[in-house]
Number of protein chains: 2
Amino acid sequence: MPVKLNLDKLDFQIIQEMMEDAEISYADLGKKLFVSGGTIHVRIKKLQEYGIVKGTRLSVDLKALGYDVIAFIGIFLEKSSLYDTVAKELKKIPEIVRLNYTTGNYSMFAEIVCKDIQQLRFVLHDELQKIKGIERTETFISLEESFARNVLVNDTAAG
Amino acid sequence: MPVKLNLDKLDFQIIQEMMEDAEISYADLGKKLFVSGGTIHVRIKKLQEYGIVKGTRLSVDLKALGYDVIAFIGIFLEKSSLYDTVAKELKKIPEIVRLNYTTGNYSMFAEIVCKDIQQLRFVLHDELQKIKGIERTETFISLEESFARNVLVNDTAAG
DNA sequence: CAAATATTTGAATAAATATTCAATATTTTC
DNA sequence: GAAAATATTGAATATTTATTCAAATATTTG
């Protein structure tokens, strides 16, 4: 059972700012939000205790590293009861970075990151086809990412 | 023109580790990767100069904040030339956190994060429908996220 | 509205950690 | 394979920044 959350505007502002840039110091963030560094400290400690804040991650330019190809894959299963076993197999493919069980047309929805179309072709054709229970797949290759951002967090009806 | 990258195994190991946890100190990361803290320092400086490393982001438990509903939206446009104007309109909707221009069935592919089904309904029905140029949409609500992780980076045919 | 409780402030301090750098080791070049 | 160039080491240092805490403020409660 989660602790009853009682977050105010400042908590959400801290989260929003640090989702963009976690390197900012408590003092500087305090200046930005018109409170003292001590208050930022107390709030972040609270957010960590609540389990809302779960550390920081390095932001990396994957394109610059050569990971140019992003695609989405809609997956049709032979039987939806096969979800767990197929998910387990998909997890073994490192190029697949995300998998969701979805309503609608597809049984599951995957995101894949590759270095080039050859690698994508290999995963789709050689690896996915081997997995028992997948009926067929539909691939949507991203030609351009228009934007990717964080959700705007606030306290309307939260917690 | 990007600087010719010359990244070795250690660079990729540093990136991989810090994509999971950016709070680790140079000394500790050095221990983990069997080099000195000084070497980690030099490598990270290089990665920053290359523009590969772009700061750190706070990792937040959105579910705990009440953002329970994730959905994917396939969007059909009346004419694919309308992409830019529609993208601009979609960017104004804060619940839409990501938009890709894709090959395949749909013209564009969006991801949306909401607090509840009511909010999702509102965005789909009241906001998306208002946008000129959208023919129709297909929504896939995530019932479960099986996994979400970073791609495995390495130097095969990189940079 | 007074008392009790909780929160914020801001400066002092402690702690952590990035940075520096001479010595050493490794790799590359000719 | 010797010389030159480059990279690593690891300890010393400087710097940053989290942490602490008493006083001041603000908020809640009966």
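Each chain gets a letter, A, B and so on, in the order its sequence line appears, and its residues count up from 1.
If you measure from atom CG of A/Leu10 to atom C1' of C/dT8, you get 11 Å, rounded to the nearest angstrom. Spacing between atom CZ of A/Phe34 and atom P of C/dT8 amounts to 16 Å, rounded to whole angstrom units. To the nearest angstrom, P of C/dA12 lies 18 Å from NE2 of A/His41. Regarding B/Gln48, its CD atom lies at a distance of 13 Å from the C1' atom of C/dT19, rounded to whole Å.
Under the rule for a salt bridge (Lys or Arg N to Asp or Glu O under 4.0 Å), the partners of A/Lys32 that lie at least two apart in sequence or sit in another chain are A/Glu17. The ring pair (Phe, Tyr, Trp, His ring centres under 6.0 Å) search around A/Tyr106 returns A/Phe76, A/Phe109, B/Phe140, not counting sequence neighbours.
The backbone N or O of A/Arg136 lies less than 3.5 Å from no partner atom in the side chain of A/Gln129, so there is not a single donor-acceptor pair. Judged by distance alone, with hydrogens and angles left aside, the side-chain atoms of B/Arg98 form no donor-acceptor pair with the main-chain N or O of B/Ala110 at under 3.5 Å. Remark: the backbone N or O of A/Asp11 is paired with a side-chain donor or acceptor of A/Asp8 at under 3.5 angstrom.
Sequence neighbours left out, the pairs with a member in residues 79-103 of chain A that pass ring pair (Phe, Tyr, Trp, His ring centres under 6.0 Å) are A/Tyr83-A/Tyr101. Sorted by first and then second residue, the salt bridge (Lys or Arg N to Asp or Glu O under 4.0 Å) pairs involving residues 63-80 of chain A (not counting sequence neighbours) form an empty list.
Over its full length, the helix from C/dC1-D/dG30 to C/dC30-D/dG1 turns its helical axis through 50°, comparing axes from the five pairs at each end and rounding to 10°.
Along DNA chain D, the nucleotide nearest to A/Ile24 and the one nearest to B/Val35 differ in position, and the one closer to the 5' end is contacted by B/Val35. Map A/Gly38 and A/Glu23 each onto its nearest nucleotide of DNA chain D; the residue landing nearer the 5' end is A/Glu23.
Using a 4.0 Å heavy-atom criterion, one finds that A/Val42 contacts no nucleic acid atom at all.
Extent of DNA chain D lying under 4.0 Å from chain A heavy atoms, first and last nucleotide in 5' to 3' order, is D/dA18 to D/dT20.
Side-chain contact annotation: A/Asn150 with A/Glu20, donor-acceptor N/O pair under 3.5 Å present.
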